[in-house]
Colleague: 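Encoded as structure tokens, here's the structure I'll be asking about.
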Amino acid sequence: MSAIQIKSKLPNAGTTIFTVMSSLSVQHNAINLGQGFPDYQMSEELISLVNEAMKTGYNQYVHMNGYMPLKEALAEKVEYIYTTKVNPDTQITVTPGATYAIYTALTAILHPGDEVIVFEPAYDSYIPSIEINGATAVTVQLQFPGYSIDWNEVKSKINERTRAIIINSPHNPTGSVLSENDIQQLRTLTKDTQIIIISDEVYEHLIFDDKKHESILKYPDLLEKSLVCFSFGKVYHCTGWKLGYCISSEYLMKEFRKIHQFNCFSCDAPKQVALSQFLKNRENYVGLGKFLQKKRDYFQQLMQQTKLKALPTYGSYFQVYSYSDISDESEKDFAIRLTKEFGVATIPLSTFYSSGTNNGVLRFCFSKKKSTLETAVERLVKL
Ligand SMILES: Cc1ncc(COP(=O)(O)O)c(C=O)c1O
């Protein structure tokens, strides 16, 4: 019998760099500042609320669109922060993480032949999620070293096939954030077009230096044509929960739910119940930016002892450092050597570009315990 042949839907996809660097990190007993996850404990209160929800009996399917009290709490938070009213019944869907929400959003709107504008460096799921739907990613590089958007270039790449633009602020991997002017440019470029905005806002509250998060939720006219994706895991220091949500206009959410109902259908019940209670206390999210800023500042201060040069970061879990004064190795080679010889795992930025652009920079995750950051820097000083 001949072997079964399948035509790969993603012929070029390998193992993600996060898995590769984390495995290398374990193999060489390195400090893992590569993958974006906290190594400190999440809120004890939230853990207790989940335990309580399970004991109370919230262990069966909840509504496919999400547990209503959680969606109501989210709608209240949106109104409090962004002064925009969203209908929890028709505009919010709880998902198993933001990656899933982004995939679902793209699947709901894309057809073969469509084009999607993606800014690079980009979170690694965007392009495969576009391609699996038969569409094409059209990339625009953020301008090094500030990682800002050249809107004239975006304009030059828009045509009648452009179906969506993906934005991400605060940005992974660079920590850059969009300004009010960026939003204005986006508004101008998408006005009177069929372009839908997919806004990845997983680092929503994790913004520093008193900058304001330019959420699409602040702009009802843009929300009308957007699918905005969030992650509870990222914001509440529990990435392993893989729980998130999407907010959109009613007509787009209808299409989003058509995909969602036949894929995940219903998400983790006890965690939704717990979060619905946790979110009632605004203190649980308003201080998150300051909490993480302290980590960024501490890491930056420690890193001054090294030969690495910091690029600015205004949000997210991440800080980019340039090593171009030390070596002209490729980012990948340098990151591998750093892991093997110095015991610190990072992520080369080139892996966030489809063309493998090398600027001699690495991404470090600073959402770690003080002691983890200290040990990592003790090793990096030897560079
Ligand atoms: C920009 C961005 N989007 C989405 C995600 C994934 O979020 P989740 O774990 O909720 O799927 C990440 C995680 O690293 C991210 O950095």
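Start at 1 and go down the list; that is how both ligands and their atoms are numbered. Side-chain atoms are counted along with the backbone in the values below, which use heavy atoms only and exclude waters and symmetry mates.
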Colleague: Short list, please: which atoms of ligand 1 are under 4.0 Å from a heavy atom of Lys242?
Modeller: 8 (P), 9 (O), 11 (O)
Colleague: So, regarding Asn172 and ligand 1 (criterion: nitrogen or oxygen to nitrogen or oxygen, under 3.5 Å), is there a contact or not?
Modeller: yes
Colleague: Within the 4.5 Å heavy-atom criterion, are Phe230 and Val202 side-chain neighbours or not?
Modeller: no
Colleague: Heavy-atom distances under 4.0 Å are what count here, so tell me which part of Tyr203 touches ligand 1: side chain, backbone, both or neither.
Modeller: side chain
Colleague: Show which atoms of ligand 1 fall inside a sub-4.0 Å distance from at least one heavy-atom site of Ser231.
Modeller: 7 (O), 8 (P), 10 (O)
Colleague: Would a line drawn from the ring center of Tyr40 to the ring center of His237 be shorter than 6.0 Å?
Modeller: yes
Colleague: Has Lys309 got its NZ or CZ under 6.0 Å from the middle of the six-membered ring of Tyr321, at an angle within 45 degrees of the ring axis?
Modeller: no
Colleague: Heavy-atom contacts with Lys234 under 4.0 Å: which atoms of ligand 1 show up? List them by number with element.
Modeller: 12 (C), 13 (C), 14 (O)
Colleague: Counting heavy atoms only, which part of Thr239 comes closer than 4.0 Å to ligand 1: side chain, backbone, both or neither?
Modeller: neither
Colleague: Heavy atoms only: which of Tyr123, Trp241, Phe37 is nearest to atom 12 (C) of ligand 1?
Modeller: Tyr123
Colleague: When you measure from atom 2 (C) of ligand 1 to every protein heavy atom, which one gives the shortest distance, and what is it?
Modeller: Asp200 OD2, 3.3 Å
Colleague: Taking heavy atoms and a distance under 4.0 Å, where does Thr99 meet ligand 1: side chain, backbone, both or neither?
Modeller: both
Colleague: If you compare all heavy atoms of Ser129 against all heavy atoms of Leu106, which two are closest, and at what distance to 0.1 Å?
Modeller: CB-CD1, 3.6 Å
Colleague: For atom 7 (O) of ligand 1, what is the nearest protein heavy atom, given as residue, atom name and distance?
Modeller: Ala98 CB, 3.6 Å
Colleague: So that I can tick it off, tell me whether Asp200 and Lys234 are bridged by a salt bridge, with the cut-off set at under 4.0 angstrom between side-chain N and carboxylate O.
Modeller: no
Colleague: Mind telling me whether His260 and Tyr100 have parallel, tilted or perpendicular rings, with 30° and 60° as the class edges?
Modeller: perpendicular
Colleague: Need the ligand 1 atom indices (1-based, order shown) with element for anything under 4.0 Å from a heavy-atom of Gly97.
Modeller: 10 (O), 11 (O)
Colleague: When you look at NZ of Lys85, are more than 12 heavy atoms from neighbouring residues, nucleotides or ligands closer to it than 6.0 Å?
Modeller: no
Colleague: Under 4.0 Å from a heavy atom of Asn168: which atoms of ligand 1 are those, numbered in the order shown and with their elements?
Modeller: 1 (C)
Colleague: Does Asp221 pair with Arg187 as a salt bridge, N-O distance under 4.0 Å?
Modeller: yes
